[in-house]
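Step one of this worksheet: look at the structure below.
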Number of protein chains: 4
Amino acid sequence: MAPKRVDREARREEILSAAVRVFARRGFAATRIEDVAAEAGIAKGSVYLSFGSRDELLAAAFARLAERSADVLAHASAQGAPAVERLASLVRAAVAMLADEPDLTRVMVDLWAAGRHGGAAAPLDMASVYREYRGAVADLLRRAADEGDLRPGVGEPEATVVVGAIEGCLVQWLMDPGVRLDGLAGTVVEVCLSGLRAEGGPTGP
Amino acid sequence: MAPKRVDREARREEILSAAVRVFARRGFAATRIEDVAAEAGIAKGSVYLSFGSRDELLAAAFARLAERSADVLAHASAQGAPAVERLASLVRAAVAMLADEPDLTRVMVDLWAAGRHGGAAAPLDMASVYREYRGAVADLLRRAADEGDLRPGVGEPEATVVVGAIEGCLVQWLMDPGVRLDGLAGTVVEVCLSGLRAEGGPTGP
Amino acid sequence: MAPKRVDREARREEILSAAVRVFARRGFAATRIEDVAAEAGIAKGSVYLSFGSRDELLAAAFARLAERSADVLAHASAQGAPAVERLASLVRAAVAMLADEPDLTRVMVDLWAAGRHGGAAAPLDMASVYREYRGAVADLLRRAADEGDLRPGVGEPEATVVVGAIEGCLVQWLMDPGVRLDGLAGTVVEVCLSGLRAEGGPTGP
Amino acid sequence: MAPKRVDREARREEILSAAVRVFARRGFAATRIEDVAAEAGIAKGSVYLSFGSRDELLAAAFARLAERSADVLAHASAQGAPAVERLASLVRAAVAMLADEPDLTRVMVDLWAAGRHGGAAAPLDMASVYREYRGAVADLLRRAADEGDLRPGVGEPEATVVVGAIEGCLVQWLMDPGVRLDGLAGTVVEVCLSGLRAEGGPTGP
DNA sequence: CATGAATGAGTTTTCATTCAT
DNA sequence: CATGAATGAAAACTCATTCAT
């Protein structure tokens, strides 16, 4: 009976992985349950032994992403280094996570679409995920300011831009795989934290 | 014949606007031709007098967006002011365009989704749109560096981040309307161009 | 627009009639929407222009039956003749109605089945139909007793048996078409009202 | 080997009883094999060790009913009392049987439905059951007439009405549990055999 | 041109039945 | 024998698209 639990869960993961691969390839909208089954090497009906509906597959993909995001945030909050560095680490970890799971990352756009309207079942609370990212980043920004490494007054709006920079690069990569995600983390840190202006150059826009 | 052309075009625009409104509300996936017709106050079949298919409606929405983007870029390249300022103007114009057309902006996520896979007819060349934005921004970044306002060596990667910052904030707003787009442009300019580091603070990451 | 209403209604009736024919032939459980469409000479999807679901077809059949029943009862209550005679008329009218619509009558058993459990949509309030029949019969029984034609004390239980006699003969006809419905009304009246006992024979069981 | 046979048979009966309970509750159409298995406390596949198919379960329920009916008829034909009394006994026995097995009785409507069309395997020969009932009743009616207790000329048609009265009351009870089956037997006997007309009242309709 | 009824391909979902463990 | 995961046939229902009026 113990193995049952394991098998059930393992099978669920297998199917979900297959689903994520197909979603990444064809997009959620164009993916039929049968495509997922074929990718997983099982019969159509078997998908329903692990997932209640097509939408539940997308919800599960979201859950996987949310879990990865939570991991990233958990690691980020555990250190004792200067806040700027911890912030840089957070950005790097977030990008690394996306790069580690390119298929899940490619599904992101479908999660956004499903998050905005609702496929009944799970509301896909995308909002929370970003809220937590922003919160963590804003917190580190403020600490870094306190530590004198960033200018005073930074907060939520700046955090939105930092988080946005990552997601926005992601969008460009999704639309045009020619855009590289490689150096992304470094560039984001550089641009957002160090700034682009010349040493001694003008301060404001 | 002239009025015919005008009428045809006007009707097409009316329907497209109706479609964009519904797409913004329900999402493209959940929008049926009949919903668009109802929103436009016409009969289902009449939509087909202006658009060849459901996908063509989305393609037209994309075209509208692409057109607005082109306008933004056209304006940006016409001035004689310092490049940093022109860059700031470009960011502001891009954000203003999105804010001016919130419904079209809300459809963006569906355009991204359709851009990534093939919605039959028009491939929705999202890639080009962002490529042009990046090109324009990268160009201005380099000029600004030449003019001594930004540090040397800035280019495509930095442009990707700047463009990404805008799109990424947009994503957050789409997921969570609580996020404000108001001051966005200013913050993006501030963060990306001026940088967040304290005056005299550390230079690199 | 007026013709629209008529056409819509006429089309609905046509489809319903087709459905009743197929239900009578194959039974509701074994009838696919496509069978109904084929019988009506239209396409599957067109059935859905008039009926929201398969169950709605059965509900509509029930409505038709309920309507016919109401007609029967309405006529029965309109006369000035002696109550026994009006009762006999009621029985005859009820049987005549069933004989007039043999297909609808054959569907009865499916309506009973659906009435006992519920195909969501319409609860198929079979109970009311029989309640009204019993009420009308009980009423006439009491009047006839008052008029001295029937023994005193007759009421609901006897009405249940009278109504039951009709339905029960129907059941036997449904199971075995060899059973004739022809003289049924007469026999029911004879058995129930006049009784089977010999003149001057024993009174009670 | 003997115990094997017994066990097999006992298990079959257990499952059948479970099936009848579920059929009574949900109706045959809405009952899945899994529901039956759950009610019987066994696994889905195990049902197939005793029954070849879902329809066979219904057929078995029919067989159980047919068996009970045969018992009723067997007892009825064994006595030496006056035919009217034996007839009254038969009616009472038939009603008592139904009252003893309310779930099986509730399944009746599904048996009727299945009897009228072909549920594959066994044709559920409902017709015979009623034919035998009618035969027995007609026989007793004729004897009672011969014995001078009922008027001459009674036969099949009257038997159909007597049998029908029982089944028809059953139908009303099925549709509306508020209808009581308690005094039913007595009322049927009273109405059909003694008649409702006032002593010395009019003879015919 | 405008309409909306008609069509039928396409999908999801269910569930009886099988069979390896 | 018992089990329940796996299968895939079957059906309901949807909706883009067409076209007669």
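The sequence lines fix the lettering, A, B, ..., with proteins before strands; numbering per chain opens at 1.
- Residues C:I33 and A:S50 each lie close to DNA chain F; by heavy-atom proximity, the contact nearer the 5' end of the strand is made by A:S50.
- Place A:G52 and C:K44 on DNA chain E by their nearest nucleotides, and C:K44 ends up nearer the 5' end.
- Toward the 5' end of DNA chain E, the nearer of the two residues A:E34 and C:L49, judged by each one's closest nucleotide, is C:L49.
- Counting to the nearest Å, the P atom of E:dT12 and the CG atom of A:L58 are 13 Å from each other.
- Taking the nucleotide of DNA chain F with the nearest heavy atom to each of C:T31 and A:G41, the more 5' of the two is matched to A:G41.
- For E:dT17, the OP1/OP2 oxygens have no side-chain nitrogen or oxygen of D:R54 closer than 4.0 Å.
- More than 12 heavy atoms of other shown residues, nucleotides or ligands fall within 6.0 angstrom of atom CD in B:E13.
- Nucleotide F:dC1 holds its C1' atom 12 Å from the CD1 atom of D:I15, rounded to whole Å.
- F:dA10 is paired with E:dT13 under the Watson-Crick or G-U wobble criterion, all donor-acceptor distances under 3.5 Å.
- Look at E:dA20: its Watson-Crick or wobble partner, with both distances under 3.5 angstrom, is F:dT3.
- Rounded to an integer number of Å, the gap from C:D55 CG to F:dA11 C1' is 13 Å.
- Remark: B:R11 is not in phosphate contact with E:dC1, judged by side-chain N or O atoms under 4.0 Å from OP1 or OP2.
- Listed here is the closest heavy atom pair of B:L16 and B:L57: CD1-O, 3.8 Å.
- Base pairing analysis places F:dC15 opposite E:dG8; the two distances defining the Watson-Crick or G-U wobble pair are each below 3.5 Å.
- Look at A:S46 and you won't find any side-chain N or O under 4.0 angstrom from OP1 or OP2 of F:dA5.
- Which of E:dA16, E:dT12, E:dT3 sits closest to the side chain of D:Y48 comes down to E:dA16.
- Put simply, the side chain of D:E39 does not reach to within 4.5 Å of the side chain of D:V36, judged on heavy atoms.
- One atom, CZ of D:R32, and another, P of E:dT17, lie 14 Å apart when rounded to the nearest Å.
- The interatomic distance linking A:D35 (CG) with E:dT12 (C1') rounds to 13 Å, in whole Å.
- For C:S53, counting side-chain heavy atoms from C-beta on, the closest listed nucleotide (F:dC13, F:dC15, E:dT12) is F:dC13.
- For B:F28 and F:dC15, the CZ to P distance is 13 Å, given to the nearest whole Å.
- One interatomic measurement links the two molecules: CD of B:E56 to C1' of F:dA16, which rounds to 14 Å at whole-angstrom precision.
- Two residues are said to be in side-chain contact when any heavy atoms from C-beta on lie closer than 4.5 Å; B:I33 and B:Y48 meet this criterion.
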* For the pair A:R64 and A:S17, evaluate side chain to side chain donor-acceptor pair (under 3.5 Å) and give the outcome as yes or no after the intermediate values. => CA-CA 10 Å; A:R64 186 175 274 196; A:S17 293; 3.2 Å; yes

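- A straight line from CZ of C:F51 to C1' of F:dA12 spans 16 Å, rounded to a whole angstrom.
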